[in-house]
Amino acid sequence: MKKAKLQIEPAFDFELLGIVSPIREFRMAWLVNQELELNLVKVDDLELEFLNAEKLEIAQYFLSLPHGFIQLLKNKAINSTQQAAYLIPELKNLDYFLLVQDETEELDLINFVKKLSRNPLVQSIVRIDITKLKSKENLLTY
């Protein structure tokens with residue numbers, strides 16, 4: 001009997017901004033809310049379990065939109081062995097990720113970058129090409 005394999009290619013239909021800032025996640029969420037006039041709300045930590053039995057808990061803030069969402073994720077976390085671990089290990093220099101999924105394309109990411117970069121608490125903000133990330137599957141949180 002011939003076996004058939006189901007191969008699923010996940011859709012990365014969101015934009016990604018990387019933020020460098022030394023502030024704690026609740027303060028970063030407040031800053032994003034103030035600068036971008038949003039209402040991100042703290043939700044349960046994102047729990048990622050890997051095949052090597054490592055488990056990560058990532059702080060996250062979320063805003064549901066009529067045709068998408070905005071999510072703030074902390075990059076650095078403490079894993080189950082109490083060591084520092086990263087949501088996206090190849091981008092250890094970034095402290096936060098802002099995921100923006102907007103099917104209506106009404107949200108202006110360039111404006112987001114301009115507004116956030118004006119704040120002195122944000123040291124750097126970059127737009128990230130998701131296709132070039134090795135650990136991009138870690139960003140599939142929905």
Side-chain angles (χ1 to χ4, degrees), residues 3-142:
K3 291 185 180 181
K5 289 186 178 182
L6 176 63
Q7 293 184 342
I8 299 174
E9 185 65 36
F12 298 96
D13 56 346
F14 53 84
E15 297 290 330
L16 184 65
L17 298 177
I19 303 170
V20 176
S21 179
I23 60 178
R24 297 190 53 172
E25 71 261 4
F26 61 87
R27 185 119 189 250
M28 176 54 73
W30 179 84
L31 185 144
V32 169
N33 283 340
Q34 294 300 309
E35 295 293 334
L36 304 180
E37 299 174 6
L38 298 175
N39 190 24
L40 292 170
V41 177
K42 174 79 170 139
V43 292
D44 292 338
D45 288 349
L46 175 66
E47 293 184 12
L48 298 174
E49 293 187 43
F50 297 97
L51 294 176
N52 62 0
E54 185 177 311
K55 182 179 174 183
L56 285 180
E57 289 189 24
I58 304 291
Q60 68 173 335
Y61 292 78
F62 195 84
L63 172 64
S64 183
L65 301 172
H67 299 285
F69 64 89
I70 298 176
Q71 185 177 27
L72 177 69
L73 295 167
K74 187 172 181 182
N75 190 24
K76 187 176 180 180
I78 302 298
N79 64 16
S80 53
T81 59
Q82 299 301 312
Q83 295 177 335
Y86 296 87
L87 178 63
I88 305 295
E90 61 266 29
L91 297 174
K92 291 180 183 179
N93 59 329
L94 297 176
D95 297 308
Y96 298 96
F97 295 108
L98 191 65
L99 280 81
V100 180
Q101 182 191 44
D102 179 32
E103 294 175 11
T104 62
E105 297 183 11
E106 291 178 5
L107 297 176
D108 183 10
L109 244 54
I110 295 171
N111 195 30
F112 278 17
V113 171
K114 284 180 185 175
K115 286 182 176 182
L116 288 173
S117 63
R118 283 187 293 207
N119 192 299
L121 295 173
V122 175
Q123 295 173 348
S124 177
I125 183 165
V126 294
R127 197 167 182 176
I128 299 170
D129 184 0
I130 300 166
T131 60
K132 295 182 181 177
L133 295 176
K134 288 190 286 183
S135 307
K136 60 187 169 197
E137 287 83 15
N138 295 356
L139 296 169
L140 296 176
T141 61
Y142 48 91

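Throughout, residue positions are numbered sequentially from 1 according to the sequence presented.
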Query - Summary of salt bridge (Lys or Arg N to Asp or Glu O under 4.0 Å) pairs that have at least one residue in residues 20-29, sequence neighbours excluded - result: Glu25-Lys74
Report summary line: Rounded to the nearest 0.5 angstrom, the CG-NE2 distance for Leu65 and His67 is 9.5 Å
Report task. State which residues pass side chain to side chain donor-acceptor pair (under 3.5 Å) with Asn75; sequence neighbours excluded, sorted by chain then number. Result -> none
**Report entry** Beyond-backbone contact of Phe112 with Ile70, side-chain heavy atoms, under 4.5 angstrom
**Finding:** yes
Report task. Please name the pair of heavy atoms, one in Ala77 and one in Glu57, separated by the smallest distance, quoted to 0.1 Å. Result -> CB-O, 3.2 Å
Requested in this report: Using the test side chain to side chain donor-acceptor pair (under 3.5 Å), find all partners of Asp44 that sit at least two apart in sequence or belong to another chain.
Outcome: none
Requested in this report: Quick one: list whatever passes side chain to side chain contact (heavy atoms under 4.5 Å, CB included) with Lys92, sequence neighbours left out.
Outcome: Tyr86
Query raised in the report: Do Val32 and Tyr96 come close enough that some side-chain heavy atom pair is under 4.5 Å?
Result: no
Requested in this report: Mind jotting down which residue pairs meet the salt bridge (Lys or Arg N to Asp or Glu O under 4.0 Å) criterion with at least one end in residues 63-72? Sequence neighbours excluded, please.
Outcome: none
Query raised in the report: Which heavy atom of Leu87 sits nearest a heavy atom of Ser135, and at what distance?
Result: O-CB, 4.3 Å
**Report entry** Results of side chain to side chain contact (heavy atoms under 4.5 Å, CB included) for Lys42 - residues two or more places apart only
**Finding:** Asp45, Ala59, Tyr61
Query - Atom pair CG/CG of Leu72 and Leu36 - distance to nearest 0.5 Å - result: 10.0 Å
Just list the side-chain donor-acceptor pairs under 3.5 Å for residues 119-127, sequence neighbours left out, or say none.
unit_1, atom_1, unit_2, atom_2, d
Asn119, OD1, Leu121, N, 2.8
Asn119, ND2, Glu35, OE2, 3.0
Arg127, NE, Glu15, OE1, 3.3
Arg127, NH2, Glu15, OE1, 2.9

Query - Partners meeting side chain to side chain donor-acceptor pair (under 3.5 Å) with Ser64 (sequence neighbours left out) - result: none
Query raised in the report: Taking side chain as C-beta onward, heavy atoms only, is Gln71 less than 4.5 Å from Leu73?
Result: yes
**Report entry** Residues that Glu37 engages under side chain to side chain contact (heavy atoms under 4.5 Å, CB included), provided they are two or more places apart
**Finding:** none
Query raised in the report: Which atom pair, heavy atoms only, marks the closest approach of Ile130 to Phe14?
Result: CD1-O, 3.0 Å
**Report entry** Reported CG-to-CG distance for the pair Asp102 and Leu109, which is rounded to 0.5 angstrom
**Finding:** 9.0 Å
Requested in this report: Using atom types as modelled and distance alone, determine if a side-chain donor or acceptor of Asn33 lies under 3.5 Å from a backbone N or O of Leu40.
Outcome: yes
Requested in this report: Could you check if a side-chain atom of Leu116 sits within less than 4.5 angstrom of a side-chain atom of Leu31, using non-hydrogen atoms only?
Outcome: yes
**Report entry** side chain to side chain contact (heavy atoms under 4.5 Å, CB included) involving Asn111 - partner list, sequence neighbours excluded
**Finding:** Asp108, Lys115
Query raised in the report: Are Leu94 and Ile128 close enough that some pair of their side-chain heavy atoms sits under 4.5 Å apart?
Result: yes
